[in-house]
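Numbering of ligands and ligand atoms starts at 1, following listing order. Since we're looking at a predicted model, the values are computed, not measured.
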Amino acid sequence: MKKLRNFIKSVIKPLRKILTYLIVEPSVLNSHIAKQVWHETNAFRWAAAYAVKNQIEGDYLEFGVWKGNGFIEAYRQITQYSKRFYEVGVKSTGHKNIFKDMRFHAFDSFEGLPETKNVSNPIQYFAGNYSASEEIFWDRISKAGLDTSRVTTTKGWFENSLNDETAERLHLQKIAIVYVDCDVYESTVDVLNFIQPFLSTGSVLIFDDWFRNKGISTEGVQGAVLDWLEKNQNISLQHYYNCDTRTALFIVKIDGIEKNVKIDCV
Ligand SMILES: C[S@@+](CC[C@H](N)C(=O)[O-])C[C@H]1O[C@@H](n2cnc3c(N)ncnc32)[C@H](O)[C@@H]1O
């Protein structure tokens, strides 16, 4: 009898600990599942952790949203991380919860990729690929439980849609995190020019297609970023993290003292 009681105790005790942990911190379980389901979780996790811990205020912008997978994951990681940090971690410090005022802006043609000139592009970068309607995007983010009152979509080719009127319509002021997932040089140039006035030191840039184009640094996303930095000598990027087979994250520095550092240690 004593043996049985001890055995039950030895099973129940750790079980109770695990259950308590999961009830207090459900995000642990959620993010674990999300990681299994979708391997690209990492980029958003790192961006969210950095932005929350460093109090980087502003909106989340994604250029090239397709059916919304990345958008949903970014929203989840930012909400989970800020919840964990502000509600469990630093509850009493009085720091502002950066998620409270964060809005989530989606930009896409909703007609797939445009034509591109770069010869080194991977085979999947052909005009029209990754086409999904705006309705599919809204439907999927609603079903995923995002607070859609915080979300905006801007439909159109970036060369036409990324302009001052759009920035005004969206009341853009500050950007905390940008996910650039539009694959090709021309689109990335349009994005960088559009976001520039709203970046500040500390903003995080995630480039999904950094390690593409056979390492040719005059083409693809790398080519666009290097050209942009060349034209804007007051901006530099500090390398932060690489994940999966192609993504790189950077932290923006504006008018920094490290004038000569354009891209730091990639
Ligand atoms: C690889 S998909 C994006 C995937 C998405 N971020 C995700 O996580 O599932 C690339 C997207 O970029 C969009 N895109 C690329 N260049 C564009 C441009 N110049 N204007 C508008 N949309 C563009 C395409 O329509 C496509 O939806």
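Under a 4.0 Å N-O distance rule, the pair Asp208/Arg246 qualifies as a salt bridge. Taking a cutoff of 4.0 Å between a charged side-chain nitrogen and a carboxylate oxygen, Asp227 and Lys231 do not qualify as a salt bridge.
Each of the following atoms of ligand 1 lies closer than 4.0 Å to a heavy atom of Pro114: 15 (C), 16 (N), 17 (C), 19 (N). Contact atoms of ligand 1 toward Gly112: 24 (C), 25 (O) (distance under 4.0 Å to a heavy atom of the residue).
A cation-pi arrangement is present between Arg150 and Phe99, with the terminal nitrogen or guanidinium carbon under 6.0 Å from the aromatic centre and inside a 45° cone about the axis.
Heavy atoms of Glu159 come nearer than 4.0 angstrom to ligand 1 in no pair at all. Residue Gly156 places a heavy atom less than 4.0 Å from ligand 1.
For the pair Glu62 and ligand 1, the shortest N or O to N or O distance falls below 3.5 Å. Between Ser109 and ligand 1, at least one N/O pair is under 3.5 Å apart. At least one N or O atom of Asp181 sits closer than 3.5 Å to an N or O atom of ligand 1. For Trp157, no nitrogen or oxygen atom sits less than 3.5 Å from a nitrogen or oxygen atom of ligand 1, counting backbone and side chain alike. Residue Tyr179 has no N or O atom closer than 3.5 Å to an N or O atom of ligand 1. Looking at ligand 1, you won't find any N or O of Asn129 less than 3.5 Å from one of its N or O atoms.
Neither the backbone nor the side chain of Asp208 has a heavy atom within less than 4.0 Å of ligand 1.
The aromatic rings of Phe137 and Phe110 lie tilted to each other, with the angle between the two planes from 30° to 60°.
Counting only non-hydrogen atoms, the option in Ala43, Gly64, Gly70 that gets closest to atom 6 (N) of ligand 1 is Gly64.
A distance-only check finds no donor-acceptor pair linking the side chain of Glu62 to the backbone of Tyr179 [under 3.5 Å].
Think of Val184 as one node in a network of Ile, Leu, Val, Met, Phe, Trp and Tyr side chains linked at under 4.5 Å; its network also takes in Trp66, Leu113, Tyr125, Tyr130. As a member of the Ile/Leu/Val/Met/Phe/Trp/Tyr network built from side-chain separations under 4.5 Å, Ile136 groups with nothing else and remains a singleton.
Applying ring pair (Phe, Tyr, Trp, His ring centres under 6.0 Å) to Phe250 and the options Trp210, Tyr240, Trp46, Tyr50 leaves one that passes, Trp210.
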